[in-house]
Amino acid sequence: MTTETRPGASRERAGRFDPATFEPKWRQRWEADQLYAARDDDPRPKRYILTMYPYPSGDLHIGHWYAMTGPDIVARMHRMQGENVMFPMGFDGFGLPAENAAIDRGIHPAEWTYANIDNMRRQMRLMGAGFDWAREVVTCDPSYYRWQQWLFLKFYEAGLAYKAMGAVDWCPKDKVVLAREQVEGTDRRCWRCGTPVEKRDLEQWWFRITNYSDELLNFEGIDYPEPIKAMQTNWIGRSEGAEIDFPTEADDVEPIRVFTTRPDTIFGATFMVLAPEHPLVPVLTTEDRKADVEAYVAAARRATEIDRLNTEREKTGVFTGAYAINPMTNERIPIWIADYVLPGYGTGAIMAVPAHDERDYEFATKFDLPIRYVVAPASGELPTGRALVEHTADEVLIDSGEFTGMPASEAIRAITRALEERGQGSFAVTYRQRDWVAGRQRYWGCPIPIVYCEQHGAQPVPESELPVVLPMDVDFSPTGVSPLQSHEGFLKATCPACGGPARRETDTMDTFVDSSWYFLRYCSPNADDAPFHRDQVDAWMPIDLYTGGAEHAVMHLLYFRFFTKALRDLGLVGVDEPTLKLRNQGQILGADHNRMSKSRGNVQAPDELVARYGADAVRAFLMFIGPWDQGGPWSPTGIDGVHRWLGRVWHAAQPAEGPSEPIGPGADALQRALRHATHSTIDGVTEDIEDFRFNTAISKLMALTNAITRSREAGLAGSEAYDEAIEILLLLMAPITPHIAEELWERRGKPYSIHQQPWPMADPEWAAAETIELPVQVDGKLRDRLVVTPDTPAEEIERMALASEHVQRYLNGRPPARVIQIPGRLVNVVTPKD
RNA sequence: GGGCGAGUGGCGGAACGGCAGACGCGCCGGCCUUAGGAGCCGGUGUCGCAAGACGUGCGAGUUCGAAUCUCGCCUCGCCCACCA
């Protein structure tokens with residue numbers, strides 16, 4: 001090895017790799033030059049890439065870096081590929097933590113929120129992420145929420161927002177109602193604070209999301225991860241079946257309507273069960289049963305939702321004394337009430353078929369009610385001691401009048417049709433999904449633009465009076481009620497209908513309303529005459545790529561689809577879906593494989609890491625940990641490896657000084673090998689980034705770096721192939737490690753900015769290998785390798801393979817039974833069977 | 001109970017049905033240093049001196065060939081759950 005090529009020597013010339021000396025400089029310059037501004041009048045093809053905006057909790061944690069670096073890389077590559085990329089950022093400004101900070105520490109929520117936003121904006125700049133800050137949206141700003149109020153009024157006019165009584169989930173700690181989607185786990189905890197929720201009957205604002213249940217089940221034409229589709233589908237919970245009317249014996253009482261997915265089992269319906277809350281309960285209950293029924297209803301009301309939904313609990317219920325008529329058998333069947341029938345699902349009443357439903361079976365056994373099997377496999381074998389719920393292909397109806405012998409699948413339709421002809425039933429679809437409770441009894445949110453007049457009731461605030469501004473001078477003493485309720489100046493309003501005195505709505509909107517349309521506001525961030533302009537929305541929407549956490553599967557990711565469809569029906573947008581493609585990042589865990597939390601002491605603060613390693617190393621290491629959608633544990637030593645890699649790139653890319661290195665014999669082949677490595681890396685990295693495989697993209701870049709280093713040691717530094725390799729390496733690194741790529745690009749005398757250079761294209765001739773190594777297998781086991789040129793004829797390869805002594809050993813002189821060749825991939829010699 | 005994922009070296013992870021373990025961490029050895037918790041070079045699946053054998057949670061199957069496809073188990077994670 002000559003002195004010139006000794007690694008240490010060139011390092012001394014180049015100076016130490018120290019990101020702190022150049023990273024801040026480039027960030028300032030990129031920002032000053034508005035390198036990432038997306039312009040409406042740009043003729044290049046648009047690409048709208050969006051990552052979920054953060055809640056301004058105060059600090060950007062490593063998880064934010066992880067979530068945002070992925071889409072930033074994709075956005076940067078697409079920019080270099082000549083597209084007009086919009087990659088905006090904003091803040092989810094409203095929310096409870098701000099209000100809690102006010103209560104705990106006496107800071108106004110606005111002050112707390114905007115201070116946090118300032119800090120987080122600074123931290124995001126530190127990441128070197130290419131956000132278009134000119135489009136920033138802050139949802140707690142009146143210029144934003146004014147238009148949210150405007151949209152609310154459009155929803156209200158269209159009947160998509162309405163006020164109604166309902167049994168809602170209530171968090172006793174946050175003193176606020178929650179949407180069903182915001183209640184988590186078997187023990188039904190508040191999604192924010194983890195407190196078990198209670199059920200309360202309250203008058204609330206709702207969004208009619210259920211109008212769109214069917215459409216929300218349709219994922220055609222959009223690319224969502226399978227788990228998200230499954231979760232949304234389960235959440236919406238579509239069931240097909242029938243609604244059937246069971247007349248009662250009482251005079252002048254409407255029949256009991258039930259929903260069932262198993263109309264084929266109606267001949268086995270031996271009793272009925274109503275939810276305790278069912279409106280017919282007081283009407284139907286006989287005098288002698290009244291005391292028992294009322295006691296049960298009262299107890300059911302007191303029981304918590306947790307108790308009630310506990311499937312382990314033994315069934316309870318009481319007889320009402322009343323009877324219904326099974327419309328198919330004309331039998332009198334008793335009507336019971338029980339809390340395992342839920343008031344909010346289906347019709348709140350069921351026909352109980354104990355032979356074919358486990359819950360009904362349990363109930364019938366406990367209360368000694370008849371159990372009649374009406375479906376059986378062809379063998380006629382019926383279970384004992386349990387319900388028959390599983391299906392067999394040959395099952396048929398038994399003991400079912402004229403339908404006896406009919407396959408059950410056919411009977412579902414036949415029986416429903418028969419009931420329909422008699423006016424006693426119809427095909428029906430039911431959903432688990434309920435409407436979205438949109439109001440919150442809190443201060444720090446978007447005020448609902450409604451006033452209440454003694455005479456005219458709820459009245460929308462006229463558009464000209466928007467925004468209804470959140471007053472700043474409020475008292476945050478923890479009284480448990482929204483400070484808006486005691487703010488006279490806010491409460492006092494005028495009825496738009498009569499001009500008389502009115503009282504303002506004090507509920508504010510769920511913060512998920514804010515995030516249901518922010519992506520549209522990014523298209524028209526400065527519009528002051530509308531929430532957004534149709535031409536700009538038409539130009540940018542739909543989002544081409546949306547990224548964020550999977551924990552929003554049935555919350556934000558359902559709500560923003562609903563909003564988009566509702567806005568389409570209001571004529572405000574022209575798309576059916578907000579985004580064409582969704583990707584979820586995984587979670588970064590602590591080094592101990594646990595979730596990062598202050599109490600565990602395993603939290604990695606990004607600012608410290610940047611100070612020590614630079615932003616590029618943090619970005620690259622996070623992306624290198626594993627598949628982006630999988631996440632993984634932070635490794636305090638792993639980042640050293642990425643740092644070392646950047647150091648190797650740094651030294652390899654320093655411009656050659658003086659005469660180029662002496663090139664010895666064989667240099668031509670070495671140069672060709674380096675070119676092959678370079679050009680095959682272009683294709684690999686491009687595909688990997690497109691598919692969110694940042695970990696393998698980086699490993700390919702490391703491998704190319706290793707090839708470059710070896711070629712330098714072989715004396716190639718300064719050669720054409722070497723310079724090309726370095727420059728392509730820098731271009732491919734630019735999206736991932738933007739600072740070092742820019743710095744080295746400049747040091748090599750290339751024009752500013754590397755981020756505005758065209759993305760490299762592989763030369764197919766170089767990308768193709770000159771020689772390939774073919775594995776030779778005998779009976780599928782590797783025995784030898786052949787080095788051949790790609791155009792070697794198959795007969796020649798077969799001859800070489802059979803000539804191999806390693807192959808001969810297994811053939812023992814016999815001719816092979818078969819020789820399988822996969823061109824360019826392998827040869828497999830199959831030995832004859834003895 | 002239902003749905004969806006995932007099980008590969010000491011670790012994070014690679015691998016269009018075709019060379020298992022790319023790339024990196026760690027570890028071992030060496031170089032350079034007054035020094036090394038810096039940097040650089042080499043080695044590193046297991047067993048074996050070697051030739052070689054064995055290896056992707058377990059068990060079957062399909063195939064010339066299976067980490068990959070099929071079936072049945074086991075384990076872990078996430079979501080939903082008295083939804084008629």
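Chain naming here is simple, since letters A, B, ... match the order of the sequence lines and numbering starts at 1 in each. Not measured: the values here are computed from a predicted model.
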Using a 3.5 Å distance criterion without hydrogens, assess whether the side chain of A:Asn326 forms a donor-acceptor pair with backbone atoms of A:Met328. yes

Please determine whether a side-chain nitrogen of the Lys or Arg among A:Asp214 and A:Arg238 lies less than 4.0 Å from a carboxylate oxygen of the Asp or Glu. yes

Between B:rC23 and B:rC4, how far apart are the two C1' atoms, rounded to whole Å? 30 Å

Can you tell me how the ring of A:Phe694 sits relative to the ring of A:Trp628, calling it parallel under 30°, perpendicular over 60° and tilted otherwise? perpendicular

With a 6.0 Å cut-off on ring centres, are A:His643 and A:Phe621 close enough? no

Taking Watson-Crick (N1-N3 plus N6-O4 or O6-N4) and G-U wobble (N1-O2, O6-N3), each under 3.5 Å, can you produce the dot-bracket string of RNA chain B? Use [ ] for crossing pairs and | for inter-strand ones. (((((((..(((.....[....)))((((((.......))))))(((....)))..(((((..]....))))))))))))....

Mind calculating the distance between CD (A:Glu390) and P (B:rG1) to the nearest angstrom? 14 Å

When the P atoms of B:rG2 and B:rG10 are compared, how many Å lie between them, rounded to an integer? 35 Å

A:Asp779 CG to B:rG65 P: how many Å, rounded? 8 Å

Salt bridge check, A:Arg359 against A:Asp357: does any charged N sit closer than 4.0 Å to a carboxylate O? yes

Answer with yes or no after comparing the ring centroid distance for A:His356 and A:Tyr373 against a 6.0 Å cut-off, counting only values under it. yes

Using the P atom as the reference point in each nucleotide, state the distance between B:rC74 and B:rG24 in Å, no decimals. 40 Å

I'd like a table of atom pairs between the protein and nucleotides 20-27 of chain B - only N or O on both sides, under 3.5 Å - with the distance next to each one.
residue, atom, partner, partner atom, Å
B:rG24, OP1, A:Asn706, ND2, 3.1
B:rC25, OP1, A:Arg644, NH1, 2.5
B:rC25, O2', A:Thr637, OG1, 2.7

Under 4.0 Å, counting only non-hydrogen atoms across every strand here, what does A:Ser239 touch: a base, just sugar-phosphate, or nothing? sugar-phosphate

Indicate yes or no: at least one non-hydrogen side-chain atom of A:Thr265 is less than 4.5 angstrom from one of A:Val375. yes

Scan nucleotides 70-77 of chain B against the protein and return all N/O pairs shorter than 3.5 Å with their distances rounded to 0.1 Å.
none

Taking atom C1' in both B:rA22 and B:rU8, what distance in whole Å separates the two? 13 Å

P gap between B:rA50 and B:rU62, integer Å: 38 Å

At a cut-off of 3.5 Å, list every protein nitrogen or oxygen paired with a nitrogen or oxygen from nucleotides 28-33 of chain B, distance to 0.1 Å.
none

Contact between A:Tyr296 and A:Ile337 at the side-chain level, heavy atoms closer than 4.5 Å - yes or no? yes

Mind checking the C1' distance from B:rU46 to B:rG59? Whole angstroms is fine. 23 Å

Identify whether the distance between the nearest side-chain nitrogen and carboxylate oxygen of A:Asp223 and A:Arg583 falls below 4.0 Å. yes

Any donor-acceptor pair under 3.5 Å from A:Gln654 side chain to A:Trp650 backbone: yes

Would you mind classifying the nucleic acid contact of A:Ile625 as base, sugar-phosphate or nothing, using non-hydrogen atoms under 4.0 angstrom? sugar-phosphate

Using heavy-atom distances to pick each residue's nearest nucleotide on RNA chain B, tell me which of A:His643 and A:Phe259 is more 5'. A:His643

Rounded to whole Å, NZ of A:Lys781 lies from C1' of B:rG55 at a distance of 10 Å

Using a cutoff of under 3.5 Å, can you pull out all pairs of nitrogen or oxygen atoms linking the protein to nucleotides 51-53 of chain B, with atom names and distances?
residue, atom, partner, partner atom, Å
B:rG52, OP1, A:Arg809, NH1, 3.2
B:rA53, OP1, A:Arg783, NH1, 3.4
B:rA53, OP1, A:Tyr810, OH, 3.4
B:rA53, OP2, A:Arg783, NH1, 3.4

So that I can tick it off, tell me whether A:Glu358 and A:Arg386 are bridged by a salt bridge, with the cut-off set at under 4.0 angstrom between side-chain N and carboxylate O. no

A:His676 side-chain N/O to A:Ala767 backbone N/O, donor-acceptor pair under 3.5 Å: yes

Does A:Arg818 make a side-chain N or O approach to OP1 or OP2 of B:rC64 shorter than 4.0 Å? yes

Can you tell me, in whole Å, how much space there is between the C1' of B:rU63 and that of B:rU68? 13 Å

Should the ring pair A:Phe363 and A:Trp336 be called parallel, tilted or perpendicular, given that the plane angle runs from 0 to 90° and is split at 30 and 60? perpendicular

Given side-chain contact (heavy atoms from CB on, under 4.5 Å), test A:Ile256 with A:Ile335 step by step and report yes or no. CA-CA 10 Å; A:Ile256 298 169; A:Ile335 304 168; 3.6 Å; yes

Could you check A:Leu826 against A:Glu226 and say which one's nearest nucleotide on RNA chain B is further toward the 5' end? A:Glu226

Sorted by number, the residues of residues 627-634 of chain A with heavy-atom contact under 4.0 Å to RNA chain B: A:Pro627, A:Gln630

Closest to the side chain of A:Asn234, out of B:rG3, B:rA84, B:rC64, is B:rG3

Taking the C1' atom of each, how far is B:rU34 from B:rA38, in whole Å? 15 Å

